[in-house]
Trainee: 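Quick one: structure below, then a few questions.
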Amino acid sequence: MQASGTSQQTLQAIWRAVRAIPRGQVSTYGSIARRAGLPGRARLVGHALKVAPADLELPWHRVVAAGGRIAFPSTSRAFVEQRRRLREEGVSLQRGRVVSEANLSLDELLWKRP
DNA sequence: TGTATGACCCTGA
DNA sequence: CTCAGGGCCATAC
């Protein structure tokens with residue numbers, strides 16, 4: 001087997017960070033990237049989630065874009081599904097956006113721009 | 001090998 | 001709020 005572009009190690013670091021988001025809380029792509037030791041690589045987080053094996057059962061719905069926005073088009077199935085799952089965990093949303101700042105995970109607040 | 005695309009982010013106008 | 005522009009870079013074609 002040949003290690004393709006993104007090493008499994010890198011992908012796993014991202015998956016680990018996503019798995020660490022507590023229920024009822026959300027984090028952002030950028031924040032996850034930093035937590036995984038990959039600052040500035042938010043895009044890779046999106047990719048890692050896309051290719052994540054389903055059996056990992058990652059809480060992908062807890063990952064939103066900057067500002068609490070859901071990253072999918074509001075008309076997509078994924079959008080609806082993510083919104084449903086978040087509400088089910090008690091996260092309030094409005095116009096595709098997580099409402100309360102308090103709902104952003106703690107590390108997101110701590111890592112706020114230096 | 002080069003170009004296009006994308007589950008992103010940030011700053012500035 | 002929108003838009004443009006720069007950064008990031010793995011994949012797909």
Side-chain angles (χ1 to χ4, degrees):
Chain A
M1 276 298 273
Q2 184 54 238
S4 54
T6 310
S7 71
Q8 280 298 305
Q9 189 172 21
T10 296
L11 290 176
Q12 285 174 6
I14 292 172
W15 296 335
R16 234 188 334 273
V18 171
R19 196 186 274 292
I21 305 172
R23 196 189 154 78
Q25 288 190 34
V26 299
S27 191
T28 65
Y29 293 91
S31 183
I32 291 298
R34 285 189 298 260
R35 281 191 63 166
L38 303 162
R41 302 188 61 183
R43 259 189 141 112
L44 185 57
V45 174
H47 175 68
L49 288 179
K50 186 159 63 174
V51 304
D55 50 285
L56 284 183
E57 298 185 344
L58 291 178
W60 59 270
H61 57 284
R62 298 180 190 147
V63 183
V64 296
R69 278 182 7 268
I70 286 185
F72 300 104
S74 58
T75 53
S76 67
R77 236 156 130 283
F79 176 97
V80 175
E81 173 66 5
Q82 183 165 20
R83 187 180 55 181
R84 188 187 69 72
R85 288 195 182 200
L86 286 176
R87 281 178 171 159
E88 187 178 60
E89 295 188 356
V91 177
S92 328
L93 302 159
Q94 245 172 56
R95 293 189 308 286
R97 180 180 295 264
V98 173
V99 172
S100 174
E101 300 155 21
N103 280 332
L104 290 178
S105 61
L106 188 55
D107 63 82
E108 178 66 0
L109 297 176
L110 294 177
W111 278 96
K112 215 74 178 185
R113 281 188 306 159

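The shown structure was predicted, so the numbers you read here are calculated from the model rather than taken from an experiment. Proteins get letters first, then strands, A, B, ... in listed order; numbering begins at 1 in each.
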Trainee: Is there a side-chain polar atom (N or O) of His47(A) under 4.0 Å from OP1 or OP2 of dG6(B)?
Mentor: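 Checking His47(A) against dG6(B): no side-chain N or O falls below 4.0 Å of OP1 or OP2.
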Trainee: Nearest-Å distance, CD (Glu81(A)) to P (dA7(B))?
Mentor: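 To the nearest whole Å, that distance equals 17 Å.
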Trainee: Looking at dA10(C), dC8(C), dA7(B), which one has an atom nearest to any side-chain atom of Arg43(A)?
Mentor: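 Comparing dA10(C), dC8(C), dA7(B) against the side chain of Arg43(A), the answer is dC8(C).
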Trainee: Between P on dA10(C) and CD on Gln9(A), what's the gap in Å once rounded to a whole number?
Mentor: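 To the nearest whole Å, that distance equals 15 Å.
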Trainee: Do Val26(A) and Ile21(A) have side-chain heavy atoms sitting under 4.5 Å apart?
Mentor: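 No, their side chains stay 4.5 Å or more apart.
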Trainee: From CZ of Arg69(A) over to C1' of dC10(B), roughly how many Å is that when rounded to an integer?
Mentor: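 The answer, rounded to whole Å, is 12 Å.
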Trainee: Rounded off to whole Å, could you give me the CZ-to-P distance for the Phe79(A) and dG6(B) pair?
Mentor: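 Phe79(A) atom CZ is separated from dG6(B) atom P by 18 Å.
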Trainee: If each of Val51(A) and Gly40(A) is mapped to the nucleotide of DNA chain C with the nearest heavy atom, which maps nearer the 5' terminus, i.e. the 5' end?
Mentor: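 Between the two, 5'-proximity favours Gly40(A).
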Trainee: Which nucleotide in the set dG6(B), dC9(C), dC9(B) lies at the smallest distance from any side-chain heavy atom of Ala66(A)?
Mentor: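 Given the options dG6(B), dC9(C), dC9(B), the side chain of Ala66(A) is closest to dC9(B).
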Trainee: For dC1(C), does either OP1 or OP2 sit under 4.0 Å from a side-chain N or O belonging to Arg97(A)?
Mentor: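 Yes, because at least one side-chain N or O of Arg97(A) sits under 4.0 Å from OP1 or OP2 of dC1(C).
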Trainee: May I ask you to decide if Ala36(A)'s main-chain N or O and Arg16(A)'s side chain share a donor-acceptor pair within less than 3.5 Å?
Mentor: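 Absent.
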Trainee: Is the side chain of Gln94(A) donor-acceptor paired with the backbone N or O of Val99(A) at a distance under 3.5 Å, no angle test?
Mentor: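 Judged by distance alone, no pair lies under 3.5 Å.
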Trainee: Of the nucleotides dC9(B), dC1(C), dA7(B), which one has an atom closest to the side chain of Ala71(A)?
Mentor: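 The closest nucleotide is dA7(B).
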Trainee: When the C1' atoms of dG5(C) and dA7(B) are considered, how many whole Å apart are they?
Mentor: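 It comes out at 22 Å once rounded to the nearest Å.
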Trainee: Say we look at dC10(B) and dC1(C): how far apart would their P atoms be, to the nearest angstrom?
Mentor: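 15 Å, rounded to whole Å.
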Trainee: Mind calculating the distance between CZ (Arg83(A)) and P (dA7(B)) to the nearest angstrom?
Mentor: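 Nearest whole value for this atom pair: 19 Å.
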Trainee: In whole angstrom, what separates Ile14(A)'s CD1 from dC8(B)'s P?
Mentor: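 Rounding to the nearest Å, CD1 of Ile14(A) and P of dC8(B) are 13 Å apart.
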Trainee: Would you kindly give the CG-to-C1' distance between Leu58(A) and dA7(B), to the nearest whole Å?
Mentor: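 After rounding, the reported distance stands at 13 Å.
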Trainee: Looking only at side-chain N and O atoms, does Thr6(A) come under 4.0 Å of OP1 or OP2 in dT11(C)?
Mentor: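 Result: yes.
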Trainee: Arg41(A) has a side chain; which of dC9(B), dA10(C), dC1(C) sits nearest to it?
Mentor: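 Nucleotide nearest to Arg41(A)'s side chain: dA10(C).
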Trainee: What's the closest nucleotide to the side chain of Trp60(A) if the choices are dC9(B), dC9(C), dA7(B)?
Mentor: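 The nucleotide sitting nearest to the side chain is dA7(B).
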Trainee: dG6(B) C1' sits how many Å from Leu49(A) CG, rounded?
Mentor: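 Taking CG of Leu49(A) and C1' of dG6(B), I get 13 Å after rounding.
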Trainee: Can a salt bridge be assigned to the pair Glu57(A) and Arg19(A) using a cut-off of 4.0 Å between side-chain N and carboxylate O?
Mentor: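 Looking at Arg19(A) together with Glu57(A), the answer is no, because their closest N to O distance does not fall below 4.0 Å.
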Trainee: Can you tell me if Trp15(A) uses its side chain to pair, donor with acceptor, with the backbone of Ala48(A) under 3.5 Å?
Mentor: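 Such a contact is found between Trp15(A) side chain and Ala48(A) backbone.
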